[in-house]
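Bear in mind the structure is a predicted one, so any value in this text is a computation, not a measurement.
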Amino acid sequence: MNHSKWEELRLAMHSLGRNVPAWRIKHLGSEFVSDWDREWFHHFSVGGYASIEWVEIKVTDPAQANLVLDALRTIHLPVERLPDVFKIIGHFRPGTWVDYPANVPKR
């Protein structure tokens, strides 16, 4: 993914106000996964976006999940839907399959 798409994600999640979801990041070349964080305005962009392998967005209820999914559909990001998490892929590994939100069902 490029810088512009990460910025669109950051701004879309920040704009959810009291419905803002938590996120965590895994960077390329590291097995470390960050702690969950809800601050999208500054924390999410610290260090830039070039090395983000993936971002997980954790949702707490169906209403929040639908808001996040609507935003992901608008931005058109590659996403994997897990039970309470949306996983956004920044760098694909060979053989990785993800879908785009238009094909991800609401729950």
Closer than 3.5 angstrom, by distance alone: can the side chain of [X] be matched with the main-chain N or O of [Y] as a donor-acceptor pair?
X   : Y   : result
K26 : S30 : yes
S34 : I25 : yes
R10 : F41 : yes
T74 : D70 : yes

Q: Quick one: list whatever passes ring-ring contact (aromatic ring centres under 6.0 Å, His included) with W40, sequence neighbours left out.
A: W23, F44

**Q.** Contacts of H3 that satisfy ring-ring contact (aromatic ring centres under 6.0 Å, His included) - sequence neighbours left out
**A.** Y49

Side-chain donor-acceptor pairs under 3.5 Å in residues 15-22, sequence neighbours left out?
| unit_1 | atom_1 | unit_2 | atom_2 | d |
| --- | --- | --- | --- | --- |
| S15 | OG | A12 | O | 2.7 |

Q. How many angstroms lie between atom CZ of R81 and atom NZ of K87, to the nearest 0.5 angstrom?
A. 15.0 Å

**Q.** Distance (rounded to the nearest 0.5 Å) between E8 CD and M13 CE
**A.** 11.0 Å

Check whether any side-chain heavy atom of [X] sits under 4.5 Å from a side-chain heavy atom of [Y], and report yes or no.
X   : Y   : value
I88 : L72 : yes
K58 : F86 : no
P78 : M1  : yes
I89 : L77 : no
I52 : H27 : yes

Minimal non-hydrogen separation, [X] against [Y], with atom names:
X   : Y   : result
D37 : H43 : OD2-ND1, 2.8 Å
R24 : D35 : CB-O, 3.8 Å
E56 : V85 : CB-CG1, 3.6 Å

(Q) Is there a continuous path of hydrophobic side-chain contacts, each under 4.5 Å between heavy atoms, that joins L82 to W36? (A) yes

